[in-house]
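These notes are about the structure you will find just below.
Position 1 is the first residue of the sequence, and the numbers go up from there. Note that these values count all heavy atoms, side chains included, but never hydrogens, waters or copies made by symmetry.
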Amino acid sequence: MTTHADSAPTAQTETERLERCYPVLSALSPPARSRLLHSAQWMRVPSGAMLFDDRQACEGFPFVVEGTVRVSKCAPSGRELPLYRVGPGETCIISSSCLLGHEDYNARGVTESDTLLMLLPKPVFDELMGERPFRDFVFHLFAERIADLMQLIEEVAFRKLDQRLAALLLGKGRLLHITHQQLADELGSVREIVSRLLKSFADQGLVKLGREQLEILDPAGLRRLSSEGSGKA
């Protein structure tokens, strides 16, 4: 990770928060738990900070206690495809796979809000993989993330962009304060195509477009579109 730690937080308070987010730590043997807590590297990172990027060495295993990290695959053109987000109690499978396979990162991680995390150094991660509760925890969440990524692949490969855009707009409230570029980034597309689709949505009476905001006029219509597609994308 490229962001350096600020001053360490109060040990007991943050340790309690860590164990609430990651109950598996309480299942470790006393020596393993002591080793983990003694080697913990606490980091308080502002929103928008890059934690890791393509071809960087993986320095450790992150435990997110507060905030969210967005993990994306980046193309040389600058386009990004969001893969998943890591919140409190979750793990980053890109970090896991890099540590297990002794490989560099092949994606980018950026904080989406002010984030508090604990970084477990690689040598300690390797030691804890010998503890069954920790190993089961890593591989269980690894399996969950793989399932999420398979769903993402299905979305990108088999659903039209208008369907994906309609689905993305739903469930965020009636008024969305978001730009066309932000929507394009979420979809791994380009702003011009998303803007064209949004204008089509507006022409159909599904949404009302404004400056850096969007009002949902017909959520039922968007739901139908998200499941059926319009054939225009």
Requested in this report: Give a yes or no on whether the backbone of S47 and the side-chain of D114 come within a donor-acceptor separation of less than 3.5 Å.
Outcome: yes
Requested in this report: Decide yes or no for F201 and L222: does some side-chain heavy atom of the first lie under 4.5 Å from some side-chain heavy atom of the second?
Outcome: yes
Requested in this report: Indicate yes or no for a side-chain donor-acceptor contact from T68 to the backbone of G87 under 3.5 Å, with no hydrogens or angles considered.
Outcome: no
Report task. Begin with the C-alpha distance, continue with both residues' side-chain angles, and end with the deciding distance and a verdict on side chain to side chain contact (heavy atoms under 4.5 Å, CB included) for E59 and K122. Result -> CA-CA 6 Å; E59 300 175 4; K122 184 182 184 306; over 6 Å; no
Query raised in the report: Rounded to the nearest 0.5 Å, what separation is found between the CG atom of D104 and the CD1 atom of I94?
Result: 12.5 Å
Query raised in the report: Do V65 and P88 have side-chain heavy atoms sitting under 4.5 Å apart?
Result: no
**Report entry** Donor + acceptor pair across side chains of Q204, S200 (<3.5 Å)
**Finding:** yes
Requested in this report: Report whether I193 and V207 are members of the same hydrophobic cluster (ILVMFWY, side-chain heavy atoms less than 4.5 Å apart, transitive linking).
Outcome: yes
Query raised in the report: So, do E112 and R85 sit near enough that their side-chain heavy atoms are less than 4.5 Å apart?
Result: yes
Query raised in the report: Would you say the side chain of Q213 lies within less than 4.5 Å of the side chain of L176, judging by non-hydrogen atoms?
Result: no
Query raised in the report: Is a side-chain donor or acceptor of T115 paired with a backbone partner of S113 at a separation under 3.5 angstrom?
Result: yes
Requested in this report: Please report the closest heavy-atom contact between L141 and G89, naming both atoms and the distance.
Outcome: CD1-O, 4.0 Å
Query - Side-chain (T111) to main-chain (A49) donor-acceptor, under 3.5 angstrom - result: yes
**Report entry** Where Y105 and C98 come nearest, the two heavy atoms and their spacing
**Finding:** CA-SG, 3.6 Å
Query raised in the report: Is E127 paired with R35 through a side-chain N to carboxylate O contact shorter than 4.0 Å?
Result: yes
**Report entry** Minimum heavy-atom distance between V71 and A107, given as atom pair plus value
**Finding:** CG1-CB, 4.1 Å
Query - Heavy-atom side-chain contact between K73 and E80 under 4.5 Å - result: no
Query - CA sep, side-chain torsions, deciding dist, call: D218, R224, side chain to side chain contact (heavy atoms under 4.5 Å, CB included) - result: CA-CA 10 Å; D218 185 1; R224 286 193 299 272; 4.1 Å; yes
Requested in this report: Indicate the atoms forming the closest heavy-atom contact of S96 with V138, along with that distance.
Outcome: OG-CG1, 4.3 Å
Requested in this report: Would you indicate whether the side-chain heavy atoms of L198 and H180 approach each other to under 4.5 Å?
Outcome: yes
Report summary line: Applying side-chain contact (heavy atoms from CB on, under 4.5 Å) to L120 and not counting sequence neighbours gives L36, S39, F61, F63, M118, V124, F125, L128, F134
Query raised in the report: Would you call E186 and K172 a salt bridge, taking side-chain N to carboxylate O under 4.0 Å as the test?
Result: no
Query raised in the report: Does atom CZ of R135 have more than 12 heavy-atom neighbours, drawn from other residues, nucleotides or ligands, at distances under 6.0 Å?
Result: yes
Query - Sidechain N-carboxylate O distance under 4.0 Å for R145, E90 - result: yes
Query raised in the report: Can you check side chain to side chain contact (heavy atoms under 4.5 Å, CB included) on S189 and L161, steps first, answer last?
Result: CA-CA 8 Å; S189 184; L161 188 60; 3.5 Å; yes
Query - Spacing of CG belonging to L18 relative to CG belonging to L37, to within rounding of 0.5 Å - result: 7.0 Å
Report task. Compare every heavy atom of L117 with every heavy atom of L51, then report the nearest pair and how far apart it is. Result -> CD1-CD2, 3.8 Å
**Report entry** Interatomic distance, L152 atom CG to L81 atom CG [nearest 0.5 angstrom]
**Finding:** 5.0 Å
Query raised in the report: Taking the side chain from S226 and the backbone from R223, do they hold a donor-acceptor pair closer than 3.5 Å?
Result: yes
Query raised in the report: Does a salt bridge link R55 with E103, judged by any charged N lying under 4.0 Å from a carboxylate O?
Result: no
Query raised in the report: By side-chain hydrogen bond (donor to acceptor under 3.5 Å, both in side chains), which residues pair with S29, not counting sequence neighbours?
Result: E131
Query raised in the report: Just by distance, with hydrogens left out, do T91 and Y22 show a side-chain donor and acceptor under 3.5 Å apart?
Result: no
**Report entry** R108 CZ to D54 CG distance, which is reported to the nearest 0.5 Å
**Finding:** 7.0 Å
Query raised in the report: What do the steps show when you test M129 against L99 for side chain to side chain contact (heavy atoms under 4.5 Å, CB included), and what is the final call?
Result: CA-CA 11 Å; M129 285 300 290; L99 290 170; over 6 Å; no
Query - Any donor-acceptor N/O pair, Q163 side chain to K160 backbone, under 3.5 Å - result: yes
Query raised in the report: Does any non-hydrogen side-chain atom of L197 lie less than 4.5 Å from one of K199?
Result: no
Requested in this report: Would you mind reporting whether L206 and L169 have side-chain heavy atoms less than 4.5 Å apart?
Outcome: no
**Report entry** Single-linkage hydrophobic cluster F139~V24, side-chain heavy atoms < 4.5 angstrom
**Finding:** yes
**Report entry** Taking every non-hydrogen atom, the tightest pair across L187 and R164
**Finding:** O-NH2, 2.8 Å
Query raised in the report: Do NZ/NE/NH1/NH2 and the carboxylate oxygens of R174 and E215 come within less than 4.0 Å?
Result: yes
Query raised in the report: Checking Y84 side chain against C92 main chain: does a donor-acceptor pair fall under 3.5 Å?
Result: no
